[in-house]
Peer 1: 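To start, I am sharing the structure in question, which I have written as structure tokens.
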2 protein chains.
Amino acid sequence: MSTPQRARRAPRPTGEDRQRAIVDAVEDLLRTRPLAEISIDEVAAAAGLSRSAFYFYFGSKQAVLLELLDRMVAEVDARLAALPLPDEPSRDWWRSCLAVFVDVFGAHRAVSVSLAEARATVPELREEWSRRLAGWVDLTTATITAEQRRGRAGAVVDARATSVLLNTMNERAIAASLAGEEPSLPPGSVLDALTDLWCTAVYGTPDP
Amino acid sequence: MSTPQRARRAPRPTGEDRQRAIVDAVEDLLRTRPLAEISIDEVAAAAGLSRSAFYFYFGSKQAVLLELLDRMVAEVDARLAALPLPDEPSRDWWRSCLAVFVDVFGAHRAVSVSLAEARATVPELREEWSRRLAGWVDLTTATITAEQRRGRAGAVVDARATSVLLNTMNERAIAASLAGEEPSLPPGSVLDALTDLWCTAVYGTPDP
DNA sequence: CGATGCTCTCGACAGGCTGTCGAGGGCGTC
DNA sequence: GACGCCCTCGACAGCCTGTCGAGAGCATCG
């Protein structure tokens with residue numbers, strides 16, 4: 001919850017890289033077990049400091065996860081913003097959008113998987129995710145609506161409902177795949193399968 | 001984890017309705033907060049017994065949730081089995097299948113929502129859910145494949161991948177709706193939206 | 001009718017984890 | 001060389017969990 005006051009660009013051993021060390025340690029540990037099974041002792045040890053030093057930087061381990069989530073969604077948004085906006089979205093364009101999610105979530109597997117676990121108990125996490133998800137839903141809705149106005153997207157009944165469903169599917173399907181749950185899609189084929197389904201949901205065919 | 005040895009059909013105050021009382025108490029409490037924030041003290045108090053009496057019946061609060069999940073999925077499977085098997089699935093048939101999930105999950109909102117939280121930490125829960133989900137995915141895949149053989153289901157590239165995605169979408173979309181997350185679909189419109197998307201994913205049009 | 005056994009209940013204990021506090025330790029500055 | 005700031009530490013209190021042994025009620029059997 002709390003953030004450190006500041007830090008000077010330290011000569012050697014100190015500073016805000018302690019904070020970074022904590023965040024990295026949590027991401028490492030999350031690769032081995034869920035957040036609930038990670039104690040702050042372990043995090044502190046992995047980051048090379050004492051337990052109470054941890055509390056100087058973060059109010060809880062959940063706050064660290066929130067930081068991790070912030071980094072991840074910021075990366076998603078940055079890469080989405082860098083994507084070209086075509087006059088008429090093609091399958092390739094949709095695919096490249098979806099690839100952003102698949103890639104970034106995959107690069108932060110531990111965070112993606114932990115989200116579902118921690119969302120129930122951490123309001124800040126839930127709200128932050130809601131905000132970002134809402135943004136992506138708006139984007140999707142706008143794109144679909146534009147396609148409808150062009151006379152395409154014939155398969156869509158309710159653009160907003162479709163967008164919500166497709167985006168929530170993304171979240172869960174990618175997380176399940178990364179966690180290796182059964183049944184789920186192997187990580188290598190998630191992107192193509194999602195693209196097929198998104199295009200079908202919008203245009204009625206996987207390759208419009 | 002453990003189950004009580006037995007119970008006689010008690011005259012008045014005793015028996016296995018203690019066990020039922022525990023399960024019901026957990027479901028009640030889950031309506032107000034996530035499992036992680038519920039202590040066994042509270043459960044025992046709500047069920048009218050002492051904390052260690054709780055441990056006579058269940059090994060942990062997670063074991064109670066597993067019991068709750070078992071009940072719920074059993075109900076789903078029972079109602080799915082009662083559904084007629086048509087020669088050619090219509091939109092109405094798909095809708096009535098989806099209605100089973102929407103209805104039963106909705107009737108056990110607390111359980112549906114808690115699943116995502118607890119799955120990360122409770123292997124038995126994860127495995128049980130995987131088993132059931134796999135069954136529904138198989139059912140979906142078989143149905144789609146049959147449609148493909150009939151020359152319908154033209155929109156489907158990979159029947160299994162489509163089935164996995166549609167079923168995982170169901171899970172998450174219904175849970176989000178029941179939890180009142182934002183963005184999500186209002187509970188009243190989930191069923192129609194899901195039906196539209198399932199039909200579109202399979203046939204290329206929401207109303208085949 | 002009393003002994004035995006089973007089911008079930010309880011209070012108490014030990015251990016682990018969390019979050020907080022006050023006491024400093026180094027280091028730059030005046 | 002005294003002060004102040006950033007940071008670190010050990011210790012404490014509190015909560016929750018899981019386990020144990022000691023029984024209470026009740027049925028069955030000798």
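Reminder, nothing fancy here: chain letters follow the sequence lines and each chain counts from 1.
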Peer 1: Going by an N to O cut-off under 4.0 Å, is there a salt bridge joining A:Arg71 and A:Asp24?
Peer 2: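 Salt bridge between A:Arg71 and A:Asp24, a charged N being under 4.0 Å from a carboxylate O: yes.
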Peer 1: For B:Phe54 and C:dC8, what is the distance between atoms CZ and P respectively, to the nearest whole Å?
Peer 2: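 The distance from CZ of B:Phe54 to P of C:dC8 comes to 16 Å, rounded to the nearest Å.
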Peer 1: Could you check whether B:Glu127 pairs with B:Arg132 (Lys NZ or Arg NE/NH1/NH2 to Asp/Glu carboxylate O, under 4.0 Å)?
Peer 2: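 B:Arg132 and B:Glu127: not salt-bridged.
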Peer 1: Rounded off to whole Å, could you give me the CD-to-P distance for the B:Glu37 and C:dC17 pair?
Peer 2: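 For the pair B:Glu37 CD and C:dC17 P, the rounded distance is 20 Å.
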Peer 1: Looking only at the side chains, is there a donor atom on one of B:Trp136 and B:Asn170 sitting less than 3.5 Å from an acceptor on the other?
Peer 2: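 Per modelled atom types, B:Trp136 and B:Asn170 side chains form no pair under 3.5 Å.
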Peer 1: To the nearest angstrom, how far is A:Phe56 atom CZ from D:dT8 atom C1'?
Peer 2: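 Those two atoms, CZ and C1', are 9 Å apart.
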Peer 1: Any luck finding a side-chain donor-acceptor pair between A:Trp129 and A:Glu171 under 3.5 Å?
Peer 2: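 Present: a donor and an acceptor within the cut-off.
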Peer 1: Let me have a per-nucleotide readout for nucleotides 14-19 of chain D, 5' to 3', with B, S or -, counting only protein heavy atoms under 4.0 Å.
Peer 2: ---BBB
Peer 1: Are B:Arg131 and B:Asp138 ion-paired here, with the side-chain N under 4.0 Å from a carboxylate O?
Peer 2: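 Looking at B:Arg131 and B:Asp138, the cut-off is not met.
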